[in-house]
Amino acid sequence: MPRLSEVIAALDALWPPERAEGWDAVGTVCGDPDQEIGRVLFAVDPVQEIVEEAVKLGADLLVTHHPLYLRGTTTVAASTFKGRVVHTLIKHDIALHVAHTNADTADPGVSDALAGALDLRVVGPLVPDPADPAGRRGLGRVCELDHPLTVRELAARAAERLPATAQGIRVAGDPEALVRTVAVSGGSGDSLFDDVRAAGVDAFLTADLRHHPASEAVARTTEAAHTPLALLDAAHWATEWPWCELAAAQLDEISDREGWDLRVHVSKTVTDPWTAHAASSTATETLGAPN
């Protein structure tokens with residue numbers, strides 16, 4: 001079996017930590033470099049529920065997309081929920097490694113996995129990495145459909161192909177408008193509207209869209225006399241979970257090549273924080289605020 005240091009070196013080759021944003025906290029959170037690794041679990045969130053799953057599985061390494069500590073802390077006391085995560089990991093000899101924004105912009109990365117889950121053909125990055133001469137790395141992806149779909153049909157495809165969440169898929173725009181090109185970005189994407197407009201796509205699928213940026217994005221495309229931009233807002237966790245399957249497959253390939261015989265797993269535990277959804281009543285013909 002490989003040592004943790006060998007596995008981490010392979011993961012860092014896939015997602016170099018120096019390509020993470022300056023504010024990010026990626027890399028190995030805990031783990032002995034000399035520890036032997038036989039079983040690996042991939043997940044989006046390093047929460048207690050996932051750690052308990054890793055313990056039950058007998059994993060030696062947990063790889064998550066989201067950091068455990070994004071900001072500094074002065075305690076890892078088990079009386080805090082993040083401290084309890086650290087204590088559980090160390091107690092059971094489970095290492096934790098994080099690949100966040102360095103996985104977002106990788107080739108392939110988080111948005112490639114999202115596009116693949118939706119059967120979209122990737123044309124290129126939405127926000128290219130200027131340090132990549134090949135023009136393949138960067139944030140988000142610009143994609144094409146193999147045949148046009150209405151916004152309603154694209155939303156239905158996303159709801160079917162992405163993991164089920166309480167939120168489902170929210171849509172802004174004409175549900176019957178035709179979509180030929182789509183920008184996708186796993187995770188929070190409402191900072192990318194200028195790039196989406198510059199790409200000239202028909203729709204943008206991402207997560208965590210807020211009222212004002214979404215309203216302004218739709219209004220600006222209308223004012224510009226272009227086809228109004230359709231927005232598809234999915235749950236943050238759901239847009240990033242496909243990366244776990246992609247990352248697991250990449251590590252499986254490395255394991256086969258190196259003769260490591262790793263057992264690689266993907267958590268299917270839903271860690272999206274929203275647990276229920278109550279749809280607004282559509283019994284009346286006119287939707288809107290109560291009189």
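Each residue takes its place number in the sequence, starting with 1. Given the structure is predicted, the values throughout are model-derived calculations rather than measurements.
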**Asked** Can you check side chain to side chain contact (heavy atoms under 4.5 Å, CB included) on Asp194 and Arg220, steps first, answer last?
**Response** CA-CA 10 Å; Asp194 287 344; Arg220 286 184 65 177; 3.8 Å; yes
**Prompt:** Got a donor-acceptor contact below 3.5 angstrom from the Thr206 side chain to the Gly187 backbone?
**Reply:** yes
**Request:** Working to the nearest 0.5 Å, report the span between CG of Leu149 and NE2 of His147.
**Result:** 4.5 Å
**Request:** Looking only at non-hydrogen atoms, find the nearest pair between Ala234 and Ile169 and report the distance.
**Result:** CB-CD1, 3.5 Å
**Asked** Ion pair present between Glu144 and Arg180, side-chain N to carboxylate O less than 4.0 angstrom?
**Response** no
**Message:** Let me check something: do Leu205 and Val201 share a hydrophobic cluster, defined by ILVMFWY side-chain heavy atoms less than 4.5 Å apart, either directly or through other members?
**Reply:** no
**Message:** As a quick check of understanding, evaluate side-chain hydrogen bond (donor to acceptor under 3.5 Å, both in side chains) for His236 and Glu240, giving each step before the final call.
**Reply:** CA-CA 7 Å; His236 188 120; Glu240 294 180 330; 3.1 Å; yes
Distance-only criterion, 3.5 Å: show the donor-acceptor pairs between side-chain atoms of residues 248-258 and protein atoms not counting sequence neighbours.
| residue | atom | partner | partner atom | Å |
| --- | --- | --- | --- | --- |
| Ser255 | OG | Asp261 | N | 3.2 |
| Ser255 | OG | Leu262 | N | 2.8 |

**Complete:** When rounded to the nearest 0.5 Å, the distance separating CD of Glu216 from CG of Asp190 is 10.5 Å
**Prompt:** Between Ser267 and Trp241, what is the shortest heavy-atom contact and its length?
**Reply:** O-NE1, 2.8 Å
**Request:** Hey, could you give me the CG/CZ distance between Leu192 and Arg197, rounded to the nearest 0.5 Å?
**Result:** 11.0 Å
**Residues, nucleotides or ligands: over 12 heavy atoms within 6.0 Å of Arg39 CZ** = yes
**Check: His65 side chain, Ala99 main-chain N or O, donor-acceptor pair, under 3.5 Å** = yes
**Request:** Working to the nearest 0.5 Å, report the span between CD1 of Ile90 and CG of Asp32.
**Result:** 11.0 Å
**Fill in**
All heavy atoms of Ala106 vs all of Arg141, minimum pair found to be O-NH2, 2.8 Å
**Heavy-atom side-chain proximity of Asp24 to Pro67 below 4.5 angstrom** = yes
**Asked** Taking Thr165 for the side chain and Ala235 for the main chain, is one N or O donor matched with an acceptor at less than 3.5 Å?
**Response** no
**Prompt:** Between Asn102 and Trp15, is there a donor-acceptor pair closer than 3.5 Å when you use the side chain of the first and the backbone of the second?
**Reply:** yes
**Request:** Would you please say whether a donor-acceptor pair under 3.5 Å links the side chains of Thr88 and Gln48?
**Result:** yes
**Request:** Determine yes or no for a side-chain-to-main-chain donor-acceptor pair under 3.5 angstrom, with Arg157 supplying the side chain and Leu118 the backbone.
**Result:** yes
**Prompt:** For Asp195 and Leu126, which heavy atoms make the closest approach, and how far apart are they?
**Reply:** O-CD1, 3.6 Å
**Asked** Hey, does the side chain of Thr64 reach the backbone of Asp45 with a donor-acceptor pair shorter than 3.5 angstrom?
**Response** no
**Prompt:** Just wondering, do Leu68 and Lys82 contact through their side chains at under 4.5 Å, heavy atoms?
**Reply:** yes
**Prompt:** Is the closest basic N to carboxylate O distance between Asp119 and Arg161 below 4.0 Å?
**Reply:** yes
**Request:** Using distance alone, with no hydrogens and no angle criterion, decide if Thr105 and Asp129 have a side-chain donor and acceptor under 3.5 Å apart.
**Result:** no
**Item:** Nearest heavy atoms of Pro125 and Gly138, plus distance in Å
**Value:** CB-CA, 4.0 Å
**Asked** Are any non-hydrogen side-chain atoms of Tyr69 and Val98 less than 4.5 angstrom apart?
**Response** no
**Asked** To the nearest 0.5 Å, how far apart are OG1 in Thr28 and NE2 in His97?
**Response** 5.0 Å
**Asked** Any idea how His66 and His100 line up, ring-wise: parallel (<30°), tilted (30 to 60°), or perpendicular (>60°)?
**Response** perpendicular
**Prompt:** If two hydrophobic side chains count as joined below 4.5 Å and joins carry through other members, does Leu61 share a cluster with Val47?
**Reply:** no
**Item:** Verify same cluster id: Leu57, Val51 (apolar side-chain graph, 4.5 Å)
**Value:** yes
**Asked** Does the pair Asp60 and Gln35 meet the rule for a side chain to side chain contact (heavy atoms under 4.5 Å, CB included), with working shown?
**Response** CA-CA 8 Å; Asp60 307 298; Gln35 175 187 355; 3.9 Å; yes
**Asked** With a 3.5 Å cut-off and no angle check, do the side chains of Glu49 and Thr269 form a donor-acceptor pair?
**Response** no
**Request:** Could you walk me through whether Val179 and Glu153 pass side chain to side chain contact (heavy atoms under 4.5 Å, CB included), step by step?
**Result:** CA-CA 9 Å; Val179 177; Glu153 290 169 333; over 6 Å; no
**Request:** For the residue pair Trp237 and Pro273, establish whether any side-chain heavy-atom pair is separated by less than 4.5 Å.
**Result:** no
**Request:** Treat each ILVMFWY residue as a node, draw an edge where side-chain heavy atoms are under 4.5 Å apart, and state whether Leu11 and Leu62 are in one component.
**Result:** no
**Asked** For Phe42 and Ala247, which heavy atoms make the closest approach, and how far apart are they?
**Response** CE2-CB, 3.6 Å
**Item:** The single option from Leu89, Val76, Val85 passing side chain to side chain contact (heavy atoms under 4.5 Å, CB included) against Cys30
**Value:** Leu89
**Request:** List the steps, then state whether side chain to side chain contact (heavy atoms under 4.5 Å, CB included) holds for Leu120 with Leu145.
**Result:** CA-CA 5 Å; Leu120 304 175; Leu145 286 81; 3.8 Å; yes
**Asked** Val122 and Val182: same hydrophobic cluster, using ILVMFWY side-chain contacts below 4.5 Å?
**Response** no
**Request:** For the residue pair Pro17 and Asp12, establish whether any side-chain heavy-atom pair is separated by less than 4.5 Å.
**Result:** yes
**Request:** Could you tell me whether the side chain of Thr75 reaches within less than 4.5 Å of the side chain of Thr73, counting heavy atoms only?
**Result:** yes
**Prompt:** Between CG of Asp104 and CD of Glu21, what distance do you get to the nearest 0.5 Å?
**Reply:** 8.5 Å
**Request:** Taking the side chain as every heavy atom from C-beta outward, state whether Leu162 and Pro242 have any atom pair closer than 4.5 Å.
**Result:** yes
